[in-house]
Amino acid sequence: MTNSSAKGTPPSPEPALSGPRRPALIIVFLCLADLMVVLDATIVNVALPSIRSDLDMSQGDLQWVVNIYALMFGGFLILNGRLGDLFGRKRLLLAGVVLFTVSSAVNGLATDSVVLIAGRGVQGLAGAMIAPAGLSIINTSFKDASLRTKALGAWGTIAAAGGALGLLLGGLLTASLSWHWIFFINLPVGAAVLLGSRLIPDSRVDDGDKSVDVVGAVSITGGLLLLVLALSNGQSWGWTSARTLGTAAATAVLLAVFVVVSLRGRAPIVRFGIFRIRSLAVADLVLLMLTSGIFSMFFFSSLYLQGVLSYSPVRAGLAFLPAAIGVMVGATLAQPTVARLGPVAVGTTGLALGAGGMLLLARLPENGSYAADLLPGLLTLSIGLGIAFVPVTLLATSGVPERDAGLASGLYQTVQEIGGALGLAVLSAVAVRQAAADLGDNPSPDAAAQLAAQVSGFRAAFAVGALLLLAGAVLFCALLRKRHVEAALQELTQQPAATEPVADPA
């Protein structure tokens with residue numbers, strides 16, 4: 001594949017891709033690798049009570065089973081995306097799959113909380129290798145517009161629906177087998193990806209300069225780790241506590257160091273010139289708002305199902321199955337529509353539809369039912385998210401010089417992770433404040449009053465979530481013009497139509 005986007009950068013040797021089924025198989029194997037990563041962000045949530053009982057864990061240790069994964073994943077995405085550019089995206093992907101599979105086996109066999117928490121951290125690190133490498137392989141291999149849209153549609157579907165599937169599988173596996181199987185399920189998936197790895201094309205920046213900005217790498221990784229830590233724990237620590245403010249201050253210092261060394265460095269981890277690509281910058285901003293809505297939807301809907309409707313964890317997981325299907329339906333509808341109407345129109349429609357679903361959820365009553373009150377909002381929101389993810393992902397990763405494909409993918413995944421943590425932090429604070437306002441000065445509210453206040457908090461969070469999605473729709477329309485989209489997709493529209501990705505001979 002010719003590295004034509006980076007002047008003076010010769011192509012890396014790569015065999016021509018052939019065979020009518022090969023593009024579909026490449027997409028399948030890459031999405032299987034990403035599915036492991038996305039599932040493991042939520043699959044443990046339903047199993048936490050069983051894990052706590054079996055390993056005799058404290059509540060403080062238990063939260064680290066979830067948090068350490070998010071910390072390591074969010075912290076290393078940008079660095080790993082850049083390393084894939086320099087040393088080979090396929091090499092990084094396969095190393096991540098091996099590490100993820102082995103750590104999953106260790107977690108499944110764990111009989112000690114320290115082993116489990118450490119294994120979850122390794123899983124997060126491995127996931128931060130898989131996600132940017134897989135996405136950048138898609139963007140450097142599929143030059144036909146239709147094929148890339150389909151590939152990115154599949155990738156976006158995994159990102160949006162994986163959370164619901166994780167909750168469902170976590171409940172089913174824990175109830176029918178044991179919590180150990182939420183990790184063992186990754187073993188056959190990882191093995192399948194490794195067996196099909198010979199089909200996956202490779203690419204890298206082959207300009208002879210493999211230097212890595214060590215100070216920039218340490219500062220951005222440390223800054224992102226602390227940022228995710230502060231957002232994940234701010235509610236429990238207290239947003240004005242010394243711990244939260246200290247973590248925020250350390251985050252600011254590290255990110256400031258990163259900006260300074262990146263502007264002055266010869267080979268920075270992040271080339272800030274990438275943000276001059278209007279379509280990428282706007283798409284990442286909209287993605288921040290979009291992912292905030294996804295995480296809040298799963299979180300508060302799960303609380304409503306189990307705390308208000310008294311669903312068991314397994315039944316609650318099954319209740320999210322229509323949401324996963326809705327995302328798939330939305331993504332399927334978006335793929336051909338993007339070619340006809342353009343990514344801005346389709347993305348704006350999806351965001352507006354998602355906001356409508358949030359507003360339906362903002363009307364949840366205290367004595368509601370799943371079918372009449374929760375399901376309509378879940379379906380509307382999930383279909384809208386599925387529609388929006390395809391054009392947002394396309395614009396966030398297109399129009400980028402090939403040498404920066406991994407960087408763009410790492411930025412995309414980082415924004416997605418930060419958006420989820422930020423949205424959950426902000427909307428949880430909104431819910432808590434609204435519930436407290438409803439209880440007022442009542443020192444000992446009865447169960448009915450507490451339930452009413454809790455649901456009122458959910459409604460307030462969903463309403464703010466709707467505003468975030470609407471703001472994303474407005475920004476998409478206001479900040480992107482036809483020329484920005486054409487510039488981003490020029491590489492695709494100039495390629496001859498094909499039925500498979502084609503690599504130029506070295």
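Basis for what follows: all heavy atoms, side chains included, without hydrogens, waters or symmetry-related copies. In this text, all values refer to a predicted model and were calculated from it rather than measured experimentally. Start at 1 with the first residue, then count along the sequence.
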State whether Arg363 and Asp373 are salt-bridged, where the test is any N-O pair (Lys NZ or Arg NE/NH1/NH2 against Asp/Glu carboxylate O) under 4.0 Å. no

One should read off an interatomic distance between Asp54 CG and Thr111 OG1, to the nearest 0.5 angstrom, of 9.0 Å

According to the interplanar angle, ranging from 0 to 90°, do the rings of Phe183 and Trp179 count as parallel (below 30°), tilted (30 to 60°) or perpendicular (above 60°)? perpendicular

Between Pro391 and Pro343, the two heavy atoms sitting closest are CB-O, 3.3 Å

Taking Ser103 for its side chain and Leu99 for its backbone only, find out whether a donor-acceptor pair lies under 3.5 Å. yes

Nearest 0.5 Å please: distance from the OG1 atom of Thr414 over to the CZ atom of Phe76. 12.0 Å

How long is the gap from CG on Leu361 to CG on Leu375, to the nearest 0.5 Å? 10.0 Å

Min side-chain heavy-atom separation Phe389-Leu287 under 4.5 Å: yes

Ala463: side-chain contact (heavy atoms from CB on, under 4.5 Å) partners, not counting sequence neighbours: Ala362

To the nearest 0.5 Å, how far apart are CG in Leu116 and CD in Gln123? 8.5 Å

Would you say the side-chain atoms of Ser141 pair up with the backbone N or O of Ile138, donor to acceptor, closer than 3.5 Å? no

Donor + acceptor pair across side chains of Ser241, Thr244 (<3.5 Å): yes

With no hydrogens and no angle check, is any side-chain donor or acceptor of Asp34 less than 3.5 Å from a backbone partner on Leu30? no

Carefully, step by step, assess Leu187 and Ser104 under the rule side-chain contact (heavy atoms from CB on, under 4.5 Å). CA-CA 7 Å; Leu187 272 59; Ser104 295; 4.1 Å; yes

Test item: Leu480 and Ser279 side chains (from C-beta on) under 4.5 Å apart, heavy atoms: yes

Side chain proximity check, Asp40 to Phe100, heavy atoms < 4.5 angstrom: yes

Find the distance between CG (Leu227) and CG (Leu255) and round it off to the nearest 0.5 Å. 7.0 Å

Main-chain N/O of Ala133 paired with Ser136 side-chain donor or acceptor, under 3.5 Å: yes

Heavy-atom side-chain proximity of Met57 to Ile117 below 4.5 angstrom: yes

Close side-chain approach of Pro365 and Val455, heavy atoms under 4.5 Å: no

Restricting to non-hydrogen atoms, name the atom on Leu173 and the atom on Ile182 that form the minimum distance, rounded to 0.1 Å. CD1-CA, 4.0 Å

Pairwise side-chain contact, Asp284 with Leu288, heavy-atom cut-off 4.5 Å (strictly under): no

Got a sec, which residues hit side-chain hydrogen bond (donor to acceptor under 3.5 Å, both in side chains) with Arg459, two or more places apart in sequence or on another chain? Glu366

Can you find a pair of side-chain heavy atoms, one from Phe73 and one from Ile68, that are under 4.5 Å apart? no

Indicate the atoms forming the closest heavy-atom contact of Gly472 with Val286, along with that distance. O-CG2, 3.6 Å

Could you go through the side-chain contact (heavy atoms from CB on, under 4.5 Å) check for Val426 and Ser292 one step at a time? CA-CA 9 Å; Val426 171; Ser292 298; over 6 Å; no

For Pro132 versus Met129, what's the shortest heavy-atom pair and its separation? CD-O, 3.9 Å

Main-chain N/O of Tyr69 paired to Arg120 side chain as donor or acceptor, under 3.5 Å: no

Mind telling me whether Phe458 and Phe300 have parallel, tilted or perpendicular rings, with 30° and 60° as the class edges? tilted

So, does Ser53 use its side chain to make a donor-acceptor pair with the main chain of Pro49 at under 3.5 Å? no

Where Val344 and Cys477 come nearest, the two heavy atoms and their spacing: CG1-CA, 4.3 Å

Derivation and outcome, side-chain hydrogen bond (donor to acceptor under 3.5 Å, both in side chains), residues Ser302 and Gln306: CA-CA 6 Å; Ser302 180; Gln306 297 186 63; 3.2 Å; yes

Nearest 0.5 angstrom please: Asn80 CG to Leu93 CG, how far? 11.5 Å

Under the 3.5 angstrom rule, does the side chain of Ser398 hit a backbone N or O of Leu395 as a donor-acceptor pair? no

How about Leu229 and Leu226: do any of their side-chain heavy atoms sit closer than 4.5 Å? yes

Leu194/Val98 under side-chain contact (heavy atoms from CB on, under 4.5 Å): CA gap, chis, key distance, verdict: CA-CA 8 Å; Leu194 293 174; Val98 170; 3.9 Å; yes

Nearest heavy-atom contact between Tyr370 and Pro322 is OH-CG, 3.5 Å

Can any side-chain N or O of Arg278 pair as donor or acceptor with the backbone N or O of Leu479 at less than 3.5 Å? yes

CA sep, side-chain torsions, deciding dist, call: Leu318, Leu168, side-chain contact (heavy atoms from CB on, under 4.5 Å): CA-CA 6 Å; Leu318 288 170; Leu168 173 60; 3.3 Å; yes

Is the ring pair Trp181/Phe184 parallel, tilted or perpendicular, if the boundaries are 30 and 60 degrees? perpendicular

